[in-house]
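Model, not experiment: these values are computed from the prediction. Letters A, B, ... are given to chains in the order of the sequence lines, protein chains preceding strands, and every chain is numbered from 1.
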Number of protein chains: 2
Amino acid sequence: MKGIRQLADHLSISTGTVSRALNGKADVNAETRKRVLEAAEKLGYVPNQAGRSLRQGVTGTVGLILSQDASIGAGSENFFPRVIDGLQQALSRHGLDLVLLLRPRGEKQDEFLRRMVARRIVDALIITSTRVYDPRFPFLTKSGMPFVALGRSETSRPENRWADLDFEGIAERAVTRLFERGHRQIALAGPRPDANLGALFLKGYRRGLDSCGLTFDPDLVFQSDGQEAGGYEIGSRILESKHRPSAIVLNAEMMSIGLYRRLGEAGLTPGKDLAIIAERESPVGRFLSPRLTCFRIDAAALGCSLGEMLLSTLPAFAEQYADVPRQQIWPFDLVEGESDPPLQA
Amino acid sequence: MKGIRQLADHLSISTGTVSRALNGKADVNAETRKRVLEAAEKLGYVPNQAGRSLRQGVTGTVGLILSQDASIGAGSENFFPRVIDGLQQALSRHGLDLVLLLRPRGEKQDEFLRRMVARRIVDALIITSTRVYDPRFPFLTKSGMPFVALGRSETSRPENRWADLDFEGIAERAVTRLFERGHRQIALAGPRPDANLGALFLKGYRRGLDSCGLTFDPDLVFQSDGQEAGGYEIGSRILESKHRPSAIVLNAEMMSIGLYRRLGEAGLTPGKDLAIIAERESPVGRFLSPRLTCFRIDAAALGCSLGEMLLSTLPAFAEQYADVPRQQIWPFDLVEGESDPPLQA
DNA sequence: CTGAAAGCGCTAACAA
DNA sequence: TTGTTAGCGCTTTCAG
C-alpha cells in the first residue's frame, strides 16, 4: 500500500473523501466511512507523515531533549521513565507522539537545539538540565518554537513554562532535620553551581543553616557529578578534612554507593559515623545498608503536568488547557531510612 | 525566515539554485554558493524537513526503539549511552539523526511498531530486547523497513542484521571459573526465558555445568527482573533453599545490590558465604564491598558496528558498507573483583 | 455528501 | 551555471 491515491483508486472514490473519512470529518456518509476504514485496515494503509506535516504545518510529534547526565530506564522506579510515562499520558490524549532527542557527542548544545528547531522535526520541545544562565530560554522564546522546561533558570521569563522540583525546600528540610538530630557540622554535596538545581540546593542549604543558627562553612560544600565515583571521592575528602562533618546531604542518591564504600574502607559506618540524607528515593537507597533516608517525588504526575503545560503552548490546544499554571514547583516527601539516626551524645 | 522561497527572493535568484548551493551540488558557481550560505546563516534558514522528506522519500532519521526495561543515561559508564554514542558516531558520518522511540504504556508493542513503520517517521529502525520468539523480525522484514536488532532471536532469518552480546559465553565461563575455585553448587539468576538473552544465558550455564561434570538442578535457576528488588528476593529464596548454592551467576549487576543486602541481613558476607559473578561491569559493582567480579563489554564499539550494519541496509549507503558482517556476537572481558574468591576447604 | 484542484516546501529533471 | 517546472502525499477549500 503506497499512498492515499492507491487506496482511493481501490475504492473508486476520490482521495479527498478518503482523507475526510480517515480524519473523522463530519461530512462523510456513514457507509462510505465504514468502507474506507475497513479498506485502510485491510490494506494496512497509514498516512505518510511527511505529506501530512507539509500540508498541515505540524508534525504531531514532541521532542524531549535529554542531556547525557539524564537517565531513563533501569526499571520503572527511576525518575525519567516515570516522567516520560506522565508526559505520554498527557500527549497521547491528543494523538501526539513523544520522541527523545539526544545530542551527539560531537555537536554543540546550541547548534543541536538550533537544528532541531529549524528542521521542524517536532512541533514542540521539552528541555531538561537547566542551568542558572541558560541561553536556551531566550533562544527558544525568540524562535517561536513552543517549549516547556523541566527545571527553572534565572534566564527564564514570566511567559516561559516550566516545572521544577523543590530542591531548595529539601536542602533546607534536610539541614533542619539533621540539626534537630544533634548535628552541627552538616556538609552538602551537589553538582556544579551553574546547574540550576545546584544553585537551588545551595540556597536551601544556606537557608537551613541560617534558621538553625549555624554558620556557613565553604569547606563543607562538596562538588561532584551525581555518580558512584563522585560519592567515593567526597568520602575521601571528608576523611581528610580538618573539621570532619557529622552529616551530609547528597543531591544524588547514586553517590551514596561510593560514599558507603569509602566509609567502609576507613572502618567507619554510614549513619553512625556520618549521617546521610539524599535526593531522590530510588531502589538503590532502599537496598543499601543502612537504608538511605531520602526524598520522594511523584514523577509521573510531574510528567503529566509538564505535558499539559506543553499542550497549553500549542495553538491547537491552548484554549483547552488555558488554566494550566505556567510554572510549578513540585514538593518532595521525606522517606525515613536508617542513614541519619540521632547523633549519640 | 519561512522557506527557501523567501531566501531565494532575498538573493534575487531561483529556489533551485539555492537548493543546489545548500546541498553541496557541484554545478553551482563558487561565488553564488558563498552568497547563499552566508545569507542562510545570517537569516537562520534551515530547510523544512517535511518538504525534504516528501520530495526525497527519506527522512534522514533513524529510530531506536527502547523498551521500558532498557536504560540510557546515568553517566557515560552505563551500557545504552555508550551504544548510542557509537550509533551516533556511525550515523552522523552520513548526516543521519538518531531519535529514541518509547512505546507509550497503553499501546501494544505490535501496534506501536506498525505505526512507526507506516507513518514513515524514520528511514530505519533499531530494535532491542529481542525475545526467543520475536514477531518483529518477520514483521519488519515483510514491511520493507530497514532495521537491525540489538540481540538475536530464533525468529531472525539469515538476511536479518543483528549484533548481540555473548551471553552464552559468559555464563559458561562463569560456571567454569567458579568450578575451578571449588564450587559445586552454582546457581543462576536470569530474566524470563522468553527473553532471548535469558535463553542464551541458560544455555551457556548448562554447557558450563556439562563441561565441569556437574548435573543441572532446576532448583538452582532463579528468575527475576534485573533490578535491586529481584536480587533481594533471590537472596531470600537462596537462604530458604535446601541445597544452598555456594555461588551464583547474575545476569544483571543491579541485582547485586539487593542480594548483598539480603545476605547482610542474614549475617552472611557476599563473596565469602556466596560467591557472585555478574554481567555487566558498571560503577555500581566497582563501589560495592566486596567489589563485584563481572564481565565488561565495549558498548561504544558495539553501537558503532550496529550503526554500520544499519547503513548497509539503507539503499543510499549499501554499497559503501557492503562488507559489514550481517551478524555479530560481541565477547566480554572478565573483570576480577573480590566477590568470587576461591572456596575455603 | 462527494469530486476536483490547489498548494504546503522542497529537490531533481530538464531547458536555457 | 542558472531558471523553470513538475510533483512527492496529503488535506482543504470550493463547486457541484
Side-chain angles (χ1 to χ4, degrees), chain A residues 1-37 39-40 43-61 95 115 117-123 144 315-316, chain B residues 1-37 39-40 43-61 95 115 117-123 144 315-316:
Chain A
M1 175 54 48
K2 247 197 76 216
I4 199 170
R5 173 87 256 158
Q6 283 65 37
L7 184 55
D9 287 352
H10 176 82
L11 291 163
S12 305
I13 57 179
S14 74
T15 60
T17 302
V18 173
S19 174
R20 286 192 296 266
L22 253 25
N23 289 295
K25 302 291 176 191
D27 56 352
V28 177
N29 180 294
E31 172 60 25
T32 308
R33 162 166 293 129
K34 185 156 159 287
R35 281 183 58 223
V36 171
L37 290 175
L43 301 177
Y45 170 78
V46 177
N48 175 311
Q49 191 54 40
R52 300 196 81 189
S53 297
L54 187 56
R55 175 67 229 227
Q56 301 188 306
V58 296
T59 63
T61 304
R115 235 178 75 232
V117 168
R119 287 181 68 189
R120 303 269 140 193
I121 214 171
V122 293
D123 295 336
Chain B
M1 176 52 49
K2 246 196 77 216
I4 199 171
R5 173 89 257 155
Q6 283 66 36
L7 183 57
D9 288 352
H10 175 83
L11 291 163
S12 305
I13 57 179
S14 74
T15 59
T17 302
V18 172
S19 174
R20 286 192 298 266
L22 253 25
N23 289 295
K25 303 291 176 191
D27 56 354
V28 177
N29 180 295
E31 172 62 25
T32 310
R33 163 166 292 127
K34 186 157 157 284
R35 281 181 61 221
V36 171
L37 290 175
L43 301 179
Y45 169 78
V46 176
N48 175 311
Q49 190 54 38
R52 298 196 82 190
S53 297
L54 187 54
R55 175 65 229 226
Q56 300 187 309
V58 296
T59 63
T61 305
R115 236 178 74 232
V117 167
R119 286 180 69 189
R120 302 269 142 195
I121 215 171
V122 293
D123 296 336

Between [X] ([atom1]) and [N] ([atom2]), how many Å, whole number?
X        : N      : atom1 : atom2 : value
A/Arg52  : D/dC8  : CZ    : C1'   : 17 Å
A/Asn48  : D/dG9  : CG    : C1'   : 6 Å
A/Gln56  : D/dT13 : CD    : P     : 11 Å
A/Arg119 : C/dC10 : CZ    : C1'   : 13 Å
B/Asp27  : C/dT11 : CG    : P     : 14 Å
B/Asn23  : C/dA13 : CG    : C1'   : 15 Å
A/Leu54  : C/dC8  : CG    : P     : 9 Å
B/Ile13  : D/dT5  : CD1   : P     : 17 Å

Please tell me which of the listed nucleotides, [options], lies nearest to the side chain of [X]?
X       : options               : result
A/Thr32 : D/dT1, C/dA5, C/dC1   : C/dC1
B/Arg20 : C/dG3, D/dG3, D/dC10  : D/dG3
A/Ile4  : C/dG3, D/dT11, C/dC10 : D/dT11

Beyond-backbone contact of A/Asn48 with B/Arg119, side-chain heavy atoms, under 4.5 angstrom: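 Answer no - side chains too far apart.
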Under 4.0 angstrom between A/Thr17 side-chain N/O and C/dT2 OP1 or OP2: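 No, because none of the side-chain N or O atoms of A/Thr17 sits under 4.0 Å from OP1 or OP2 of C/dT2.
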A/Tyr45 side-chain N/O to D/dC10 phosphate OP1/OP2 under 4.0 Å: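 Yes, because at least one side-chain N or O of A/Tyr45 sits under 4.0 Å from OP1 or OP2 of D/dC10.
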Between B/Arg52 and B/Asn23: side-chain donor-acceptor atoms closer than 3.5 Å: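 Indeed, the side chains of B/Arg52 and B/Asn23 share at least one donor-acceptor pair under 3.5 Å.
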